[in-house]
Every structure is written in C-alpha cells, then in structure tokens.
Amino acid sequence: MCPLTPVEGTYHFDGKMSNKGYALNKMCYSLNAAECREEFSKDEKAYCEKFGLNEAQTAAILNRDIIGLLEAGGSIYYLAKFAGQLKLNMQDIGAIQTGMTVEEFKAMLVQRGQGNG
Amino acid sequence: MAKITAGITTSHIPAIGVAMDNNLEETPYFKPFFDGYPPVRQWLHDNPPDVVVLFYNDHGLEFFLDRKPTFAMGVADKYENADEGWGIATIPPITGETELSWHIATHLIENDFDMTVCQEMKVDHGCTVPMSVMWPDKNYSHIKVIPVAINCERHPMPNPSRCLALGKEFGKAIESFDQDLNVVLFGTGGMSHQLDGQRAGFISREFDLWCMDKLITDPQAIADLSISEIIQRGGAQGVEINMWLAMRGAMHGNLKLLHSNYYAPISNTATGLQLIEHSH
C-alpha cells in the first residue's frame, strides 16, 4: 500500500483512523435525526456512552476540542454534524482549529481567495 | 441516440443553499458568486436537458462508514433529500430515470467499473445545491437526474486517473443509448479547500485556475496527480476535483467553453463554474 504523504496540520482520514473513530463518527452520524439531537443535548455524556465512545473521545466532545476529535479518529464530515448542534459553522470550526478569531480566519480566507498568503 | 450537449462544473457548498433560502444572493458576500450563474441558467433554459448525470460526493447522509462505496450510482425514479443534521433546509424530491441508468450501469460493469447500484438513495447537498442553484425556483421536477457518488471522505479514495476513466465509460454508455435524449453532465464540488486540522482554511487560487484551464485543454494533466498531490496543492477536500474529472472524461467530442467564473471564498471553499458545450 502506498501511504499518503504526511501534510502538516492535516489528519488523513484513512482506514486506521476510520477504525479508531468508528464509534465517535457513528454517534455524530446519528445526529442527522432530530430526535437523536434532542437526546444528545439532554445528556451529552450519556449519549456518548450509549455509542461506546472512549474516554478521550468523550472528553473531546464535552470540551468542544475539534483537534482532539480529529486525533481521536473523527472525520470532519461527521464532526460537522456535531458542530451543527453547537450552532457553529465551518468558519467557527476553522477558527477553533487554527487558534484564530473567527474574523481573523475569515480574513485569511479572503486573502487566500485573492491569491495572497 | 442520446447525446451529451454540455458539461457544467459547479460548487455544491451548503452555504449556497442556505443563502438562497434566506435571499442573500445580492449581499456583498454572495453576489460575486451568484453573478456567475445567469448565463448558465439561460443556457439550460434554451437547451433544456432531458437528463442530468450528476457527479457528487455524499457527506454522510446516505452512506456511512459501515458501507461506503467507492463509486455508486442511482437507478431509481425518485431521490429524496433528508435532514443532514446541521440546518440546511431539505428540498423537494429529485426526479430520477431508470432506463438510461440501467443501460449505464450495465455498460460500466461490463467494462470493469463495478459500481454499487442503488435503487434507493438519499441525496445530500452535494446533489441538491447544484440543482437549486441551476433552477433557483426549484422548478426542476421535469429534469431526470442520475446521481453518481464518488467517495471523497475516507482514504483510500479513487485515483484521479480512475475518475477520468470512469467518465469515459459514462460517455460511451450515454452515447450508445438508443433514445433521443439530451444529456448534460454536472461535475460538482471543489475547488481547493480544507475543513480539518490546523491547515483548515487552505485555498490555492493558483491551483484552482490551473485546474480550470487543464480541465478543458488537458484533463490528463490533472488525472496524472496522485491523491496526495491534490491534498498538498488543493487541500484535504480539494479531492472533490475527482467529480470534475469524471464529468470531463465523458466528453470526447468538440468542446467550447461558453462561460467561466472563479470566486473564493464562499464559506471555506473556492468555487469554480464552467459551462462547456459538447458536440461531435
């Protein structure tokens, strides 16, 4: 198998990570359903337990630690569904991950869109 | 015989659908993006397709990690949209098509593309946003859509060269179908973007403009890139260029680029719109 080239600041979601994060992603996937979102918001910890998340995954959910969730095997496509529960959009998530303010993150996107930076 | 009249590339960012739902098209943030679309809508009005073959990627609506096809296509007469979990409004069902769909599925599998063939398939924003942005009043029920989903979510993802080759077989299948149908291809998603990690927010205008040029003149140059190279040059989700390659692969006649628009960013993503007329 030809491994993917490591890219700084990037968590390649491959087979190993998919196995590692399966319970976490399955929990996030369930949040497609309104009744599951309601159950999650009533008791997040219990909901994580129900899906068999490990300690690190549960802690990262409770702490809104997006990088921690990626390290614990989260796929950004499923984490987006978790972010939705927090009323966070992709710029908010980007700001959290890069340690910027949302305004700084948005400004960076504009700069890059213009071919700068 | 069925003929391919055009290929259209378009973004499928959820924020586009949300903007349309909230009448934000004329706001400074969205205007440069939406201003690209009227010529394409007009072309679709003047040259109405009977069928749209729409290449997209599912983002965790129909397919979860438990069973995630590399290449899947629908053969149903209707496709429902559903709650994706974070607030994009669902849209009316999309009309499907069964005869050409099965003809394509049969051709592909006979020619070594072993598709996952779906008689029921919920379609997410990857499919619904392009339909909404092309037919803003959601008046698309007369258009028959064949959705084709390519895995862009979990590695291993199909090589770009494989996606271009898949498109070639789509082209042969469509053009060997013995009904007079006008078929338009949608290559959705892209362009450069990265949602995850400390590298989130990565956009490369240079790479995007290179892709938009090569897509017309030399798609093999894009197809020669590895998935790793695309991630480095276009971001982790830049892999969505695979849908553009599949679309382009199906067009082997004469091409005429009628319209093109590049704008970045919308949300965290660069957007590219191209209307490519196809004839023999």
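Letters A, B, ... mirror the listed sequences (proteins, then strands); counts begin at 1.
Contact of A/Val110 with chain B is made through backbone and side chain together, with heavy-atom distances under 4.5 Å. When heavy atoms are compared at a cutoff of 4.5 Å, A/Met108 approaches chain B solely by way of its side chain, counted from C-beta outward. B/Ile231 touches chain A through its side chain: at least one heavy atom from C-beta onward sits under 4.5 Å away, while N, CA, C and O do not. For a residue to count as touching a neighbouring chain, one of its non-hydrogen atoms must lie under 4.5 Å from one of that chain's; by this rule A/Leu70 touches chain B with the side chain only. Residue contact with chain A, scored on non-hydrogen atoms closer than 4.5 Å, involves the backbone and the side chain of B/Leu61 alike.
Annotation for B/Pro39 and B/Leu275: closest pair O-CD2, 4.5 Å, computed over non-hydrogen atoms. Here the shortest heavy-atom pairing between A/Ala60 and A/Leu69 reads CB-CD2, 3.5 Å.
Here the side chains of B/Val148 and B/Met115 are in contact, with some heavy-atom distance below 4.5 Å. Side-chain contact between A/Thr58 and A/Glu49 is absent, with no heavy-atom pair separated by less than 4.5 Å. Residues A/Met27 and A/Phe82 form no side-chain contact, since every pair of their non-hydrogen atoms from C-beta on lies 4.5 Å or further apart. The shortest side-chain heavy-atom distance between B/Pro136 and B/Met20 falls under the 4.5 Å cut-off. Between A/Ile93 and B/Leu195, the closest side-chain pair of non-hydrogen atoms is not below 4.5 Å. In this structure, the side chains of B/Val145 and B/Phe186 stay at 4.5 Å or more apart for every pair of heavy atoms.
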Distance-only criterion, 3.5 Å: which donor-acceptor pairs connect chain A and chain B?
| from | atom 1 | to | atom 2 | distance (Å) |
| --- | --- | --- | --- | --- |
| A/Thr5 | N | B/Ser228 | OG | 2.9 |
| A/Thr5 | OG1 | B/Ser228 | OG | 3.4 |
| A/Gly9 | O | B/Gln198 | N | 3.1 |
| A/Gly9 | O | B/Arg199 | N | 3.1 |
| A/Thr10 | OG1 | B/Gln194 | NE2 | 2.9 |
| A/Tyr11 | OH | B/Gln198 | OE1 | 3.2 |
| A/Tyr11 | OH | B/Gln198 | NE2 | 3.2 |
| A/Phe13 | O | B/His155 | N | 2.8 |
| A/Ser18 | OG | B/Arg154 | NH1 | 3.0 |
| A/Tyr29 | OH | B/Leu61 | O | 3.1 |
| A/Asn32 | ND2 | B/Gly60 | O | 3.0 |
| A/Arg37 | NH1 | B/Asp83 | OD1 | 3.4 |
| A/Arg37 | NH1 | B/Asp83 | OD2 | 3.2 |
| A/Arg37 | NH2 | B/Asp83 | OD2 | 2.7 |
| A/Tyr78 | OH | B/Phe63 | O | 3.3 |
| A/Tyr78 | OH | B/Glu153 | OE2 | 2.9 |
| A/Lys81 | NZ | B/Gly60 | O | 3.0 |
| A/Lys81 | NZ | B/Glu84 | O | 3.0 |
| A/Gln85 | NE2 | B/Gly85 | O | 3.1 |
| A/Met90 | O | B/Asn268 | ND2 | 3.2 |
| A/Gln91 | NE2 | B/Ser267 | OG | 3.0 |
| A/Gln91 | NE2 | B/Asn268 | OD1 | 2.7 |
| A/Gln97 | OE1 | B/Gly197 | N | 2.6 |
| A/Gln97 | NE2 | B/Leu195 | O | 2.8 |
| A/Arg112 | NH1 | B/Gly201 | O | 3.1 |
| A/Gly113 | O | B/Arg205 | NH1 | 2.9 |

